[in-house]
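Letters A, B, ... mirror the listed sequences (proteins, then strands); counts begin at 1.
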2 protein chains.
Amino acid sequence: MPPSHGSESSPVLSQRAYEQVRAMVLDGVLPRDKRISETKLGKELGYSRTPVREAIQRLAREGLLVQRPSSGTYVVQPKLREIKDIYEVRLAVETMAASKAAKKRSEKCTKQLQACVVRMNRAIHRFRKSQKPVMQGKELAQYHAADEKFHQLILEAADNPFAQSIIMQGHVKQFIFGHQSHHRNLHHLAWLWLKHAQLARAIDRQDAADARRCMNRLIKASMRDAISQAKSKKA
Amino acid sequence: MPPSHGSESSPVLSQRAYEQVRAMVLDGVLPRDKRISETKLGKELGYSRTPVREAIQRLAREGLLVQRPSSGTYVVQPKLREIKDIYEVRLAVETMAASKAAKKRSEKCTKQLQACVVRMNRAIHRFRKSQKPVMQGKELAQYHAADEKFHQLILEAADNPFAQSIIMQGHVKQFIFGHQSHHRNLHHLAWLWLKHAQLARAIDRQDAADARRCMNRLIKASMRDAISQAKSKKA
DNA sequence: AACTGTAAACCTGTATACCGGTTTTTGCAA
DNA sequence: TTGCAAAAACCGGTATACAGGTTTACAGTT
């Protein structure tokens, strides 16, 4: 059959396929260690092979999928090693970003950071009222959303798209590993919240050195959490 | 005509196309601000569109090419802004790497670093004998090769592939911008060489703090050079 | 039932066809 | 010669065809 569909000019299908497959990976819809077939996936999504193939290649280069030669494509199973690597880079880049953000301090950014801090606080309050031992469900989702936004804002304020793209890439892979990478008891959350608040204040004061210090502690704490959780998961 | 060529199992053509096109970009064979046609380039290289298309997309994602929608693909023309961004990230990541390399110090790495320092020194000596005002030609190429190897070794010693890939990506784009980004007079080169030697020694001594400091100075100096050169180029 | 050789199914890498849109060329009129 | 519109060439996005390798299924043998 000759191809009868029309075509549009920008790579809309490739882009959509990319977004959809990415979401499928992040949502855990695609089983790990099971081959992903370009053809089949394409049929499921209603695209031909080409856009799906391009999406898969893109995701593989971003590190969400692995292509084992003469075997197939799989969802990646991050190793503890890689998580450490990512956190090291985050530590280096985000401390730089925090310092730069402090130097460039803008009214709008300060306000938005403060809003994130407030949202995190609200999530923690609700969690305390719930009397549960660890945060979970809606509170946890809100907390994480605010947390992620907080870091994103600082990256944006630092005004370095290259750095931003690097961190986003890392974030995504951490996500696959499991976004529950925090000790979620009240005490620890309160400590984290405090550090976020301090960081926001440091940026507001344009105290670059302090901003760097706060970010350093924040990320190191996250790294410890993620690593200890990864280890317990393995066992 | 039906496809008559056989096919091999790993993406060899895509890979070769990638390497070839990349080399063409870096060697400046492809004129800037001229459309690159998948079809035509494919014909030149002897491949069909598919491998070339994949190579081009890959290079575009790596930032060597830009794809302007409904216009075409071009060799990127890095902006001063982007060069700054890359150097900021290099500063953050490579200082981290230097510190980590010092902590992990290995005999082999130390030796290889020392060898690079020697090679840089030889290039500088030859340059001095040549009596030219600025380094160029073969000496410059040798100097740069040793310099690049030096930084690569440290990244390797830091043992963080994620960080390594980031820096390589940045390097490549700087290269397009023009690898002559150093003040190439004797005095400046001698200063740079000294800093490299100090850094190598700091790593040998396992003095992480000093390694970080040396790397910091080194990259900041490079950044200043690159920026001033970029500005003069524009004018 | 376990083993193995073979055929069918399938999957990826590659080549190519087609479409709508954009750019360039061409050919004709002012 | 210049201006401009129609046509031709081209280009990228998409769909599909094909080849060779790999995996899976299965039938026949022990």
Over how many whole Å does the gap from [X] atom [atom1] to [N] atom [atom2] extend?
X	N	atom1	atom2	value
A:Leu13	C:dC19	CG	C1'	13 Å
A:Arg53	C:dC10	CZ	P	19 Å
A:Gln57	C:dT14	CD	C1'	12 Å
A:Arg16	D:dG13	CZ	C1'	13 Å

Next item on the list: Identify, with sequence neighbours excluded, every residue that meets side-chain hydrogen bond (donor to acceptor under 3.5 Å, both in side chains) alongside A:Lys84.
Entry: none

Next item on the list: Apply side-chain hydrogen bond (donor to acceptor under 3.5 Å, both in side chains) to B:Gln20 and list each qualifying residue two or more places apart in sequence or on a separate chain.
Entry: B:Tyr47

Next item on the list: Scan A:Thr73 against the nucleic acid and name what it touches under 4.0 Å (heavy atoms): base, sugar-phosphate only, or nothing.
Entry: nothing

Next item on the list: Could you tell me whether B:Ile36 contacts a base, only the sugar-phosphate backbone, or nothing, with contacts defined as non-hydrogen atoms closer than 4.0 Å?
Entry: sugar-phosphate

Margin query: Can you list, in residue-number order, the parts of residues 38-52 of chain A that come under 4.0 Å of DNA chain C, counting heavy atoms only?
Written below: A:Glu38, A:Thr39, A:Lys40, A:Arg49

Margin query: Both B:Arg35 and B:Glu54 contact DNA chain C. Which one's nearest nucleotide lies toward the 5' end?
Written below: B:Glu54

Margin query: Looking at A:Arg119 and A:Asp147, is there a salt bridge between them, counting it only when a charged N and a carboxylate O are closer than 4.0 Å?
Written below: no

Note to self: Holding to side chain to side chain contact (heavy atoms under 4.5 Å, CB included), I want the full list of residues that pass it with A:Ala97, two or more places apart in sequence or in another chain.
What the structure shows: A:Ile154, A:Leu155, A:Ala158

Margin query: If the condition is salt bridge (Lys or Arg N to Asp or Glu O under 4.0 Å), which residues does B:Arg105 pass it with, not counting sequence neighbours?
Written below: B:Glu107, B:Asp204

Notebook entry, point to check: According to a strict under-4.0 Å criterion, is B:Ser37 in side-chain N/O contact with OP1 or OP2 of D:dC10?
Noted result: no

Note to self: On the nucleotide D:dT14, are OP1 or OP2 found under 4.0 Å from the side-chain N or O atoms that A:Ser14 carries?
What the structure shows: yes

Checklist line | With sequence neighbours excluded, residues passing ring pair (Phe, Tyr, Trp, His ring centres under 6.0 Å) with A:His151 | finding: A:His196

